[in-house]
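Beneath this line is the structure, given in structure tokens, with notes to follow.
In this text the structure is predicted, and so the values were computed from the model without any measurement. Letters A, B, ... are given to chains in the order of the sequence lines, protein chains preceding strands, and every chain is numbered from 1.
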Protein chains: 2
Amino acid sequence: MFSKSCEYAIKAMIFVAQKSKENLRVGIKEIAKGTDAPEHFMAKIMQDLSRRKLLHSAKGPNGGFYMDNTDLKNSIADIVKAVDGGSFYKDCVLGLKVCSEKNPCPVHFEYKAIKKNLISMIENNTLADFNEKLETGKFFLKNK
Amino acid sequence: MFSKSCEYAIKAMIFVAQKSKENLRVGIKEIAKGTDAPEHFMAKIMQDLSRRKLLHSAKGPNGGFYMDNTDLKNSIADIVKAVDGGSFYKDCVLGLKVCSEKNPCPVHFEYKAIKKNLISMIENNTLADFNEKLETGKFFLKNK
DNA sequence: ATAATAAAAGAGTTTTTTATCTTTTATTTT
DNA sequence: AAAATAAAAGATAAAAAACTCTTTTATTAT
């Protein structure tokens with residue numbers, strides 16, 4: 001569904017969001033450890049997210065990545081678009097170059113309805129929402 | 001969603017299914033052309049599908065790939081499982097190693113409901129169904 | 001000012017996926 | 001039996017994705 005880079009990005013964003021709630025900045029090492037991701041690879045991803053203004057970063061001592069309230073309003077969809085581009089939104093399930101309302105593939109309309117739900121799911125779940133959900137103790141981000 | 005190999009496999013299977021309806025065998029060249037896929041790469045995929053008994057093949061003159069009525073009952077899901085394995089069924093959307101009813105990620109239950117529909121879609125669409133749909137002239141498999 | 005810190009940037013490497021080319025084996029037709 | 005056909009199999013090659021390492025730049029604290 002999403003690239004591995006994108007999965008890492010989502011995990012990292014949720015991780016930073018949780019820390020930002022307590023006004024803490026997080027370094028790349030902590031993010032990598034906290035998400036079970038390779039440090040230097042994650043660093044590249046974070047640089048990209050930062051460049052694209054999905055979160056803030058600060059160099060030097062006590063630096064790190066952090067989010068303000070605007071950043072916390074970002075949804076999974078925003079992260080997906082930033083990392084994987086629009087392919088998730090655009091592409092035909094069967095991989096057909098031409099597939100539209102006028103030239104639908106055999107599963108076009110079925111998939112259209114499902115995709116609508118998928119899009120709702122990623123657009124309606126913001127980082128702030130994740131913070132709330134995780135606070136309840138009913139949801140987890142376990143990697144081992 | 002699916003790997004490129006899997007997309008090619010689905011396209012090829014639909015292509016062969018259409019020809020099999022008229023009791024025709026199709027060679028790899030024809031399949032590759034008819035699906036806009038690289039010939040030798042598609043050959044590998046077809047070998048794999050054939051080995052896994054998703055369709056029949058015959059060597060020599062007048063040989064090629066073809067399907068009997070049992071083969072036509074295969075669904076997209078069968079093809080996906082053969083080519084991409086069970087990852088589509090098993091994996092967490094966020095890529096978490098641990099994500100289950102007991103340890104759900106923040107979108108686990110939402111995605112579970114959607115995945116149910118996705119699975120219905122791929123399990124309930126057989127190659128025979130595609131043949132019918134395409135016969136109506138209301139659906140297309142266009143690549144250009 | 002200097003040293004320490006941490007992200008940004010640049011330049012690789014490795015692995016996986018996708019794609020191509022060649023040889024072999026099985027089958028059919030002449 | 002010989003020639004032709006077409007898939008099967010094996011071996012490479014190219015491209016993309018995932019991952020690593022090093023240097024540079026900005027910031028802070030001493």
Side-chain angles (χ1 to χ4, degrees), chain A residues 1-13 15-16 19-20 24-67 71 80 82-85 87-88 91 95, chain B residues 1-13 15-16 19-20 24-67 71 80 83-85 87 91 95:
Chain A
M1 176 122 343
F2 307 130
S3 69
K4 211 158 188 192
S5 294
C6 190
E7 290 175 357
Y8 286 147
I10 296 169
K11 290 178 196 172
M13 289 291 277
F15 188 79
V16 176
K19 302 287 178 179
S20 289
L24 293 173
R25 291 175 174 186
V26 213
I28 189 63
K29 279 187 188 170
E30 199 181 340
I31 295 175
K33 274 193 185 166
T35 56
D36 276 283
E39 182 186 326
H40 297 286
F41 189 50
M42 186 58 107
K44 286 289 163 200
I45 293 168
M46 295 310 291
Q47 279 167 34
D48 189 46
L49 293 172
S50 177
R51 234 181 290 116
R52 291 171 189 277
K53 314 272 184 208
L54 273 86
L55 80 169
H56 287 78
S57 71
K59 287 184 176 180
N62 294 312
F65 297 89
Y66 62 97
M67 291 177 188
D71 297 332
V80 170
V83 180
D84 281 351
S87 56
F88 178 78
D91 294 357
Chain B
M1 176 126 339
F2 306 130
S3 70
K4 210 160 189 188
S5 295
C6 189
E7 290 175 357
Y8 285 148
I10 296 169
K11 289 178 195 172
M13 289 291 278
F15 188 80
V16 176
K19 302 287 177 177
S20 289
L24 293 173
R25 290 177 175 185
V26 213
I28 188 64
K29 278 187 189 173
E30 200 181 340
I31 296 174
K33 273 192 187 167
T35 56
D36 276 282
E39 182 186 328
H40 297 285
F41 189 52
M42 186 58 107
K44 288 288 164 200
I45 293 167
M46 295 311 290
Q47 280 167 32
D48 189 47
L49 293 171
S50 177
R51 235 182 288 116
R52 291 172 189 276
K53 316 273 186 208
L54 273 85
L55 82 170
H56 288 78
S57 72
K59 286 184 178 182
N62 295 311
F65 296 89
Y66 61 98
M67 291 178 188
D71 295 334
V80 171
V83 180
D84 281 351
S87 56
D91 294 357

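- Put simply, NZ on A:K33 and CD on A:E39 are 8.5 Å apart, with the number rounded to the nearest 0.5 Å.
- Between the side chain of A:K29 and the base of C:dA6, no donor-acceptor pair under 3.5 Å is found.
- For C:dA7, the OP1/OP2 oxygens have no side-chain nitrogen or oxygen of A:S50 closer than 4.0 Å.
- For the pair A:D84 CG and D:dA17 C1', the interatomic distance rounds to 11 Å; values are reported in whole Å.
- In this structure, A:L55 and A:M46 have side chains that are in contact, with non-hydrogen atoms separated by less than 4.5 Å.
- Side-chain atoms of B:S5 and B:F41, non-hydrogen and from C-beta on, do get closer than 4.5 Å to each other.
- For the pair B:K4 NZ and D:dA15 C1', the interatomic distance rounds to 10 Å; values are reported in whole Å.
- When distances are taken from the side chain of A:S3 to each of C:dA8, D:dA7, D:dA18, the shortest belongs to D:dA18.
- Nearest nucleotide to the side chain of A:K59, out of C:dT25, C:dA6, C:dT18: C:dA6.
- As rounded to whole Å, 15 Å separates atom P of C:dC21 from atom CD1 of B:I28.
- Comparing A:K44 and A:G63 by the nucleotide of DNA chain C that holds the closest heavy atom to each, the one mapping nearer the 5' end is A:G63.
- Contact detail for B:A9 and B:L49: the closest heavy-atom pair is CB-CD1, 3.9 Å.
- B:N62 has a side-chain polar atom (N or O) that falls below the 4.0 Å cut-off from OP1 or OP2 of C:dT29.
- Taking atom NZ on B:K11 and atom P on C:dT18, their separation rounds to 12 Å, with Å as the unit.
- Of the side-chain N and O atoms in B:Y8, none sit less than 4.0 angstrom from OP1 or OP2 of C:dT18.
- Proximity of A:R51 to the phosphate of C:dA9: a side-chain N or O atom is located under 4.0 Å from OP1 or OP2.
- Side-chain atoms of B:M1 and A:D91, non-hydrogen and from C-beta on, never get closer than 4.5 Å to each other.
- Summary of the strand contacts: A:Q47 and A:P61 both lie near DNA chain C, and taking for each the nucleotide with the nearest heavy atom, the more 5' one is attributed to A:P61.
- For the OP1/OP2 pair of C:dT18 and a distance below 4.0 Å, the side-chain nitrogens and oxygens of B:S5 include at least one atom meeting the criterion.
- With rounding to whole Å, A:I31 atom CD1 is found 14 Å from C:dA8 atom C1'.
- Side chain of A:H40, nearest nucleotide from D:dT22, D:dC19, C:dT22: D:dT22.
- Rounded to an integer number of Å, the gap from B:M42 CE to D:dA6 C1' is 17 Å.
- Spacing between atom CG of A:D36 and atom P of D:dC19 amounts to 12 Å, rounded to whole angstrom units.
- Within the 4.0 angstrom heavy-atom criterion, only backbone atoms of the sugar-phosphate kind lie near B:A58; the bases stay farther away.
- At D:dA6, none of the side-chain N or O atoms of B:S57 fall inside 4.0 Å of OP1 or OP2 (strictly under the cut-off).
- Remark: C1' of C:dA6 and CZ of A:F65 are 9 Å apart, rounded to the nearest angstrom.
- Here the side chains of A:K44 and A:D48 are not in contact, with every heavy-atom distance at 4.5 Å or above.
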